[in-house]
Amino acid sequence: MQLTEEDILAKIGNDDRAAFEQVFRNYYTELSRFCLKYVRDEFAAEELVQEVFINIWERRHTLSVNTSVKAYLYTAVRNRSFNYLKLQMPKELRKVDVEGVVDLSDVAENREEAWVMDELRVYVQQAIDTLPPKCQTIFNLSRNAGMTYKEIAEELDLSVKTVENQIGHALRKLREQLNPIWDKIMVLILIQFL
Amino acid sequence: MQNLEEKIQGYLSGKLSEDERQEIKNWANASEQNAKLLAQHRKLYELSELDTSSFCPNVEMAWLKVEKKIAKHSIALNSGNVFYKIAAAIAVTVGLVFFSISYFSSPDLVAVNTREGEVLSVILSDSTSITLNENSTLKYPEAFDGSERKVYLDGQAFFEVKRDEDHPFKIIGRSSVTEVLGTSFDLIAKQTYSQVNVLSGSVSFKGRKSNDKVVLEKNNSATIVDAKLESFEHIDTKTLVWRLGELNFQSTPLREVAQVLTKHYGVEIQLQSGIDSCLITSKFEGKTMSEILEVLKVIANITNVSDDEKVVVLSGPSC
């Protein structure tokens, strides 16, 4: 039997744990992935999505959903992600940490032959991990959550200038880290076009 | 230049107007240098995308967690009910010790919880042995597959990790990530506090909220307090005491006592000739290494204890 969204919400409002569980199971994975785009931390993503559901259950008697269930859930997860990111933000702008930077030069030398894009992707992700937290968060929101600088600034209570600086910094840092192997990447691009 | 970077990002993500796109194209065509820069940005843009589709959370386990939370909230609403309070009080006072091991279907993650006062040992599929302290949760796969061995800890545990250099062993905590190849160490992994004490081998210890990372050798320790990482060249024996439970020696030669202490406290003990066969009969519970040494000194007539934090040398005129 196919329940309509209104039915499901009504059931949840009447303390129907099974209906709630069904919604949870339907959306949990996609919401966790969606959240991951914002927080870049699998553990945190899961926790946040779980909190959203617990929160919904707690407010089930007074809950009013004007959009679709799906849209409601996505918005709730998005909002919670930003709350989380704001709390993660270090109070002061951290100095850039040059140590801990992934050293790609060895890799470039040893792996010349077996160089594949997937591996490269892993190294870039690792390089992103070594950026200072604030810089990392802002860069990620721009790249993976598809947000404009202005949107990021508003959500995180920062100035657009700060966002600009942080992304600029991230890009410079990442390009620097790829410096030893740009030539090879370019060759690879050429090959792809041939 | 800042503005240019934003434009390039916008260009790559397809968010620019037609005019702006043309502007970037013209800029790129203006010089080889610019073209190269754009190509670099394009590559970086592609490579920096986070692939979320491979993230497959364990829905079963997540549901159980949520279910537990919402059940707790329902009880809390009824907390006027005296029976709940009495039941809870009795449960705590009597110290009823029980544990639950739950097997979940999806990626075969097993969760082990310990209650107040309970210590539990778990052997993993790779024969790594884990002793879980009270009030802790450990999640691990029934069988390891893939390139690394990954477990999740909330609380405190002692690990003896089976050496396997091809498959690093990772412990994910709420505030730390600990990575080893094969060692033994004690780990506390909590929301705002993590501590690791290394008894053998080496351990990589990293905060989840900052990029700080430290590689620790035998007899080193490190803490993460509120995301701040600090490392030490000694171990914190006080945090290791929980695992010992009770040490009960009945006419045990001192050399065997020393072996047991070495294993538990990670401190090497050297006995000068003459005292190694002194028989020790004593019980120790929740004592630190130095407290035990004080007692041994009296029993075995030890006159000299030299201690440089790593090696303890005991000597005396025999007993």
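Chain letters run A, B, ... following the sequence lines, proteins first, then strands; residues in each count from 1.
Annotation: side chain of R175(A) is in contact with side chain of L37(B) (closest heavy-atom distance under 4.5 Å). Under the 4.5 Å side-chain criterion, counting only non-hydrogen atoms from C-beta, F24(A) is in contact with V59(B). Side-chain atoms of I167(A) and E6(B), non-hydrogen and from C-beta on, never get closer than 4.5 Å to each other. Two residues are said to be in side-chain contact when any heavy atoms from C-beta on lie closer than 4.5 Å; W57(A) and V66(B) fail this criterion.
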Evaluation steps, salt bridge (charged side-chain N to carboxylate O under 4.0 Å, His left out), between K37(A) and E49(B): CA-CA 9 Å; K37(A) 284 189 193 239; E49(B) 186 187 15; 5.4 Å; no
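A salt bridge does not link K65(B) with E46(A): none of the charged nitrogens is closer than 4.0 Å to a carboxylate oxygen.
At a 4.5 Å heavy-atom cutoff, E30(A) makes no contact with chain B through either its backbone or its side chain. Only the side chain of E47(A) has a heavy atom closer than 4.5 Å to any heavy atom of chain B. At a 4.5 Å heavy-atom cutoff, D15(A) makes no contact with chain B through either its backbone or its side chain.
Tested against L50(B), the residues R143(A), R40(A), R33(A) include a single side-chain contact (heavy atoms from CB on, under 4.5 Å) partner, R40(A).
Annotation: maximal heavy-atom pairing with chain B below 4.5 Å, among E51(A), Q136(A), R25(A), occurs at R25(A).
To the nearest 0.5 Å, atom CD of residue E21(A) and atom CH2 of residue W63(B) are 4.5 Å apart. Distance check: Q9(B) CD to F139(A) CZ gives 6.0 Å after rounding to the nearest 0.5 Å. The CD1 atom of I70(B) sits 4.5 Å away from atom CZ of R17(A), with the distance rounded to the nearest 0.5 Å. Atom CE of M61(B) and atom OH of Y28(A) lie 9.5 Å apart (nearest 0.5 Å). Atom NZ of K68(B) and atom CD of Q50(A) lie 11.5 Å apart (nearest 0.5 Å). Within the model, atoms NZ of K213(B) and CG of D129(A) stand 10.5 Å from one another, a figure rounded to the nearest 0.5 Å.
For the residue pair S48(B) and I128(A), the shortest heavy atom distance occurs at CB-CD1, 3.8 Å. Pairing each heavy atom of A45(A) with each of F55(B), the nearest pair is CB-CE2, 4.4 Å. Here the shortest heavy-atom pairing between L47(B) and Q125(A) reads O-NE2, 3.4 Å.
Between Y152(B) and F43(A), the ring planes are parallel. Angles under 30° get that label, and only those over 60° would be called perpendicular.
The environment of K228(B) atom NZ is sparse: at most 12 non-hydrogen atoms of other residues, nucleotides or ligands sit within 6.0 angstrom.
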